[in-house]
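Have a look at the structure below before the remarks.
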Amino acid sequence: MSNHIRVRIAPSPTGPLHIGTARTSLFNWLFAKKNNGIFVLRIEDTDLERSNSKFEEDIKNSLDWLGLEWDEFYKQSERLDIYKKYLQKLLDEKKAFWCFHSIEKLKKESDEQMKRKEAPRHICEHKYKEPTDKNNGIIRLKVDENSTRTIHFNDIIRGTVEWQEKLIGDLSLAKNLDAPLYNFAVVVDDHETKISHVIRGEDHISNTPKQILIQEALGIKIPQYAHLPLILGSDRTKLSKRHGAESVQEYMDMGYLPEVMINFMTLLGWHPPKDIKKKGGKPEDIFTVSELTEIFELKDVQKSPAVFDIKKLNWVNGYYIHQLPPEQFKAVIAPFILKEIGEKIEVKSEYLDKIRHLMTERMKKLSDIKNFDYFFKEPEYDRGLLNWKNISAVEIKKSLTLVKEALESIDWNFFDKNYIKKKLDDLAKDKFNGDRGAVYWPLRVSLTGKQGSPNPIDILSVLPKETVIERLNKAIGK
Ligand SMILES: [Zn+2]
């Protein structure tokens, strides 16, 4: 039975792949994997004016990057003959008809209905007439405006959803035989590609009764529906630009890992079963892709909206980056070193091994490598940053000089953090009344050019001695 599971996602190439569509794709993909089903990618590009092939590329690249490979691919613009055949069938059977009302007239009608707070619907008198001039009309489905029937479907996530048939009006199906409209093309494609489960965003709920009417008119099987909850921003309004990055590409560019996006997006509205046993002492909410494909069930998707919490995403991403094995870390960080630090930087593999954890303990995303530029090149900073509390510039210079002398006397081949710490602590005690900041702050700034960094002694432990002395000299010169 399970090999009959076929699901699809159907993005329009009118913009880059949005996080919401990516989450829908992921839930479809997980459902297909869990059930040995087929995952279909369908590009809904019948709106030629708004569709752009560069967005089709973005959608494919983003799905690729996330690892959501599709088993079958369709493009609506290549299927116009198929829709035409079904449109003609409905016209021949007198289930559909030509409506000749002008766009202006229809717009006025729906504006007035909205003003009266009614659901916009068009009840067309042309359905009782023989068509005359087909060039100026659109094709509609005959829907009984006096119907007392309630259309209902059983949503896997939301339970029974009901709709009064009489509120729908004569549904538009196509602008003409070669230009199907959204709901019609969706129904035909879902049928032709044998989609068993339609898993999509909650914003499609109102399309469902319309699509059911079309399915009934065509005499085709109605798929199972599952409508996923909305995704809200942290302020509980619908996720939008105001909340930050919206497209998968932007997260890719900032240095979020694809496995993190999968882990994080799965938890946008889905909860692991309560009895799930965590392996290997991993924190709660950390799941690998293969774990998810084993435990994902649509019944564990919530009805209420999910909240996109960027702090949580950052935490998960930081956790994964820190856990990356050395070789994998080097592979993923390399392009970010190029981009954020500079093209001419050459980084030795052993050096990256040494500084890796100093950075990953403090990284949320790979582009944060820019906060550690001092590991790769001389820092740039204003001399004012060297100041510590109300200590004079002369005293700062004295501190830097004493630190330099202390470090010069040390053999870097026998680097001992505790020994150096003791030396610097003694310096603070003897020369600066025990004010450790007077010693460590100017040192930190000389080495990093930054206010925040790992412990200066940890930085000393990875930088070559000549580099340390050179940076101290530069600071003294300031
Ligand atoms: Zn009409």
Side-chain angles (χ1 to χ4, degrees), residues 10 12 14 44-51 76-77 79-153 161-192 198 203-220 222:
S12 298
T14 54
E44 299 205 327
D45 59 346
T46 49
D47 184 345
L48 293 175
E49 271 169 42
R50 292 175 60 226
S51 296
Q76 287 191 329
S77 59
R79 300 167 60 78
L80 296 177
D81 284 350
I82 300 172
Y83 311 123
K84 189 174 186 168
K85 189 181 82 186
Y86 284 92
L87 280 168
Q88 194 59 59
K89 178 175 185 279
L90 289 180
L91 285 167
D92 291 346
E93 291 172 357
K94 306 243 182 287
K95 291 175 178 168
F97 65 97
W98 289 89
C99 153
F100 300 105
H101 287 105
S102 67
I103 291 170
E104 294 74 27
K105 182 136 197 269
L106 293 169
K107 169 115 184 28
K108 196 169 160 242
E109 184 182 77
S110 78
D111 285 350
E112 281 167 9
Q113 286 166 339
M114 305 247 265
K115 219 181 275 173
R116 293 197 299 268
K117 298 211 175 355
E118 294 170 13
R121 59 171 184 168
H122 177 58
I123 298 162
C124 186
E125 67 267 24
H126 299 159
K127 65 179 152 183
Y128 306 112
K129 296 175 188 161
E130 274 303 309
T132 46
D133 173 19
K134 292 178 190 174
N135 291 323
N136 295 314
I138 69 164
I139 302 170
R140 289 184 183 275
L141 185 74
K142 284 182 190 172
V143 180
D144 180 2
E145 68 269 28
N146 300 312
S147 168
T148 54
R149 180 170 80 122
T150 307
I151 303 165
H152 56 87
F153 62 94
V161 179
E162 295 185 324
W163 219 277
Q164 282 179 284
E165 182 175 20
K166 66 178 180 195
L167 295 179
I168 291 176
D170 297 317
L171 202 58
S172 53
L173 300 178
K175 286 187 203 161
N176 58 56
L177 282 168
D178 296 309
L181 289 167
Y182 174 75
N183 282 312
F184 187 73
V186 165
V187 165
V188 170
D189 282 332
D190 286 346
H191 171 64
E192 282 271 320
V198 172
D203 45 333
H204 284 289
I205 275 205
S206 62
N207 285 324
T208 308
K210 296 174 187 169
Q211 292 176 7
I212 289 173
L213 286 178
I214 300 169
Q215 285 153 351
E216 287 175 350
L218 289 170
I220 60 184
I222 296 171

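These values consider heavy atoms only, across backbone and side chains, with no hydrogens, waters or symmetry-generated copies. Order of appearance sets the numbers: ligands from 1, and atoms from 1 within every ligand.
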Next item on the list: Under the salt bridge (Lys or Arg N to Asp or Glu O under 4.0 Å) rule, collect the residues that match up with Lys107, sequence neighbours excluded.
Entry: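 Asp111.
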
Note to self: Looking at Glu216 and Lys95, is there a salt bridge between them, counting it only when a charged N and a carboxylate O are closer than 4.0 Å?
What the structure shows: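 Looking at Lys95 and Glu216, the cut-off is not met.
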
Item checked: Under-4.0 Å salt bridge between Glu93 and Lys89 ->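 So Glu93 pairs with Lys89 through a salt bridge.
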
Please table the atom pairs, donor to acceptor, closer than 3.5 Å between any side-chain atom in residues 177-188 and protein atoms at least two apart or in another chain.
residue, atom, partner, partner atom, Å
Asp178, OD1, Lys84, NZ, 3.4
Tyr182, OH, His204, ND1, 3.2
Asn183, OD1, Gln211, NE2, 2.8

Checklist line | Ser147 side chain to Arg149 backbone, donor-acceptor under 3.5 Å | finding: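 Answer holds: yes.
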
Checklist line | Partner set under ring-ring contact (aromatic ring centres under 6.0 Å, His included) for His191, not counting sequence neighbours | finding: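 For His191 there are no ring-ring contact (aromatic ring centres under 6.0 Å, His included) partners, ignoring immediate neighbours.
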
Next item on the list: Sort by chain and number the protein N/O/S atoms found under 2.8 Å from the Zn ion (ligand 1).
Entry: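 You should have found Cys99 SG, His101 ND1, His122 NE2, Cys124 SG.
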
